[in-house]
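The structure under discussion appears below in the form of structure tokens.
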Amino acid sequence: MDYSNEVKNRLKRVEGQIRGILRMMEEEKECKDVTSQLSAARTALDRSIALIVAQNLQQCVKDSHENNEDTSELVKDAIDLLVKSR
């Protein structure tokens, strides 16, 4: 699969968030502040996962339509991926 620059940029931002969280821990910042930033990073990862699955599903459905194939299994697999990611 070809991953878009949008997805890559999202993950680079998450990487920066994680580095920031580690810095906060090294500086012994408050637990609530660290936890808040961890939650934000987790949300960003969740959204990245959803975007990757959605883009993959779009491409698979397009390919299936071109080959006159049933797409119901593709949709089920995409839903399973999202469920497993939580």
key: Atom pair CZ (Arg23) and CD1 (Ile18), whose distance is rounded to the nearest 0.5 Å   =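 One finds 12.0 Å between CZ of Arg23 and CD1 of Ile18.
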query = Does atom CD of Glu28 have more than 12 heavy-atom neighbours from other groups under 6.0 Å away?
reply =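 Counting other residues, nucleotides and ligands, CD of Glu28 stays at 12 neighbours or fewer.
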key: Contacts of type salt bridge (Lys or Arg N to Asp or Glu O under 4.0 Å), residue Glu73, not counting sequence neighbours   =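 For Glu73, no residue satisfies salt bridge (Lys or Arg N to Asp or Glu O under 4.0 Å) once neighbours in sequence are set aside.
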query = Among Arg13, Glu6, Arg10, whose side-chain contact (heavy atoms from CB on, under 4.5 Å) with Ser48 holds?
reply =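 Of all the options given, the one that passes is Arg10.
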key: Those residues that, when tested against Asp77, pass side-chain hydrogen bond (donor to acceptor under 3.5 Å, both in side chains) (two or more places apart)   =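 For Asp77 there are no side-chain hydrogen bond (donor to acceptor under 3.5 Å, both in side chains) partners, ignoring immediate neighbours.
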Please list, one pair per line, the donor and acceptor atoms closer than 3.5 Å that link side chains of residues 29-47 to other protein atoms, with sequence neighbours excluded.
{"from": "Thr35", "atom 1": "OG1", "to": "Cys31", "atom 2": "O", "distance (Å)": "2.8"}
{"from": "Thr43", "atom 1": "OG1", "to": "Ser39", "atom 2": "O", "distance (Å)": "3.0"}
{"from": "Asp46", "atom 1": "OD1", "to": "Arg86", "atom 2": "NH1", "distance (Å)": "3.3"}
{"from": "Asp46", "atom 1": "OD2", "to": "Arg86", "atom 2": "NH1", "distance (Å)": "2.5"}

